[in-house]
2 protein chains.
Amino acid sequence: MLYHQGDAALNLYVVVVGRLRATQTTEEGNQIALRYLGPGELAGYAVLAGIPRYPGTVVAVEDTHLFVWPANAMRQLMGRHAQIALNAVAVLGSRYQETQLRLRELSSETVEHRIAHALLRLANQAGRRTAQGTEICFPLSRQDIAELAGTTLHTVSRTLSAWEKEGIVLSAHRHVVVCRPEALAAVNEAAS
Amino acid sequence: MLYHQGDAALNLYVVVVGRLRATQTTEEGNQIALRYLGPGELAGYAVLAGIPRYPGTVVAVEDTHLFVWPANAMRQLMGRHAQIALNAVAVLGSRYQETQLRLRELSSETVEHRIAHALLRLANQAGRRTAQGTEICFPLSRQDIAELAGTTLHTVSRTLSAWEKEGIVLSAHRHVVVCRPEALAAVNEAAS
DNA sequence: CACATTGATTGTTTCACCGCAATCTCAGCT
DNA sequence: AGCTGAGATTGCGGTGAAACAATCAATGTG
């Protein structure tokens, strides 16, 4: 557990090895996953933007090694070296763009599309080639997928079962292998 | 029309007076509204983040006066004056946070909540005090509200009709007045 | 090895919201 | 004034996905 939603934003983190999960929770306790963070990605952007409190919660889902910078040091660094600030702008910009894309997806596409897209992104981001296909190499429950795709674990379970029958994915306990990514991408075109 | 989704990102704009609308369109032609931009806000953040093409479309919904900076000039400015880059980080950060909030809202809250929230935000951002309440001071059709809240114009129309009966809002042709903002905020707590 | 706990599956029921369609209203134009 | 077209309203099904619920499988523990 790196920090909780609402904590004072004290540190900026960069993942060296491992995997983090960033989530947000509503007042009613409803939780959604914002994104998974792998090696090289940064957590705690609030520090960069000068937001006083973390807007989300970040926990590790594997053993993880991190670099840490205190907020003050980070702000000084950005003030002194424009290039660092420029990098921060670029990172935030691409995250912003990605979030907008998800927003569009969530408001206009079906659950099936969103699950397909979520799996494809995870496979790209944290995939490992195996004999059967691309394996998502950290433990990932149906509940987790549901929170990413903005749906319920029940619907995810049904959808994955259907795909498993078609040979598009393989799934074990908290573990998913994407066998035919092109079939998942095709889901986005038209209902199979 | 400032620019189209997919155009090369050439300029950064700042609104002096008027009102812009930022939208994104899916391949299937489905459109969602990202946000409305009023005086002091900036359009074309892609230029800041170094993204080569505009990810959305921006059009003016009123007569609007703008400042314009070419992308090169902007990048030079940020490289030379760290403070400008820091400001850019802050702007992008707060936009990012706001988008995450909408994402959470869209995936966990009902249509009614989202319409209420959209109206409240517009009233805060572009409201003008009148005798009856806070008036949203630019033309805004049901379709526009629907694109903001991620729903259809039909549902928006129904919801606004109901609220008008309860005296929460007043609406004329492409024109909305929020009479009892506290009642709208209460919608977010429990279904009335 | 039995037991407890967490995660996954699947059937049934329910409901919020969308899509269609017909009608109505208002704003601007000639 | 009368016409025209864009915007708004409303009723009525249809349906995708959530809610509820019961069962089953896997993992880890004393």
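Heavy-atom basis, side chains included; hydrogens, waters and symmetry copies ignored. The structure displayed is predicted, hence computed values, not measured ones. Proteins come first, then strands; the chains are lettered A, B, ... in the order of their sequence lines, and each starts at number 1.
Note: NE2 (A:H173) to C1' (C:dG7) measures 5 Å, nearest angstrom. One interatomic measurement links the two molecules: CD of A:E164 to P of C:dT10, which rounds to 10 Å at whole-angstrom precision. Rounded to an integer number of Å, the gap from CG of B:L153 to C1' of D:dT9 is 10 Å. Distance A:R114 CZ to D:dG16 P: 14 Å, rounded to the nearest Å. B:E112 places its CD atom 14 Å from the C1' atom of C:dC15, with the value rounded to the nearest Å. A:E109 places its CD atom 16 Å from the P atom of D:dG16, with the value rounded to the nearest Å. Straight-line distance from the CD atom of B:Q143 to the C1' atom of D:dA8: 12 Å, rounded to whole Å. In this structure, B:L106 places its CG atom 14 Å from P of D:dA17, rounding to the nearest Å.
Side-chain proximity of B:S161 to D:dT9, C:dC17, D:dA8: nearest is D:dT9. Nearest to the side-chain atoms of A:T152 among the listed nucleotides C:dC18, D:dA18, D:dT27 stands D:dA18. Counting only heavy atoms from C-beta on, A:S171 has its side chain closest to C:dT9 among C:dT9, C:dC17, D:dA26. The nucleotide whose nearest atom lies closest to any side-chain atom of A:S157 is, among C:dT10, D:dT27, D:dG7, C:dT10. Looking at the side chain of B:R142, the nearest of the listed nucleotides D:dA19, D:dA8, C:dG19 is D:dA8. Comparing D:dA8, C:dG19, C:dC18 by their nearest atom to the side chain of B:T155 picks out C:dC18.
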Salt bridge (charged side-chain N to carboxylate O under 4.0 Å, His left out) for A:R128 and A:E135? Distances and angles first, verdict last. CA-CA 5 Å; A:R128 186 171 49 189; A:E135 176 190 354; 3.2 Å; yes

Can you check side-chain hydrogen bond (donor to acceptor under 3.5 Å, both in side chains) on A:T99 and B:Q100, steps first, answer last? CA-CA 7 Å; A:T99 309; B:Q100 282 183 342; 5.1 Å; no

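Both A:L160 and A:V187 are assigned to one and the same hydrophobic cluster, defined by single-linkage of ILVMFWY side chains at heavy-atom distances under 4.5 Å.
In terms of polar N and O atoms assigned as donor or acceptor, the side chain of A:R158 never comes within less than 3.5 Å of the base of D:dG16 in a complementary pairing. One donor-acceptor pair, N or O on each side, does fall under 3.5 Å between the base of D:dT10 and the side chain of B:H154.
For A:T151, a side-chain nitrogen or oxygen approaches OP1 or OP2 of D:dA18 to under 4.0 Å.
With rounding to the nearest 0.5 Å, the separation of CG in B:D144 from OG1 in B:T23 is 10.0 Å.
In B:H81, the NE2 atom is crowded: over 12 heavy atoms of neighbouring residues, nucleotides or ligands sit closer than 6.0 Å.
Residue-to-nucleotide proximity on DNA chain C shows that, of B:G150 and A:R174, the 5′-proximal contact is made by A:R174.
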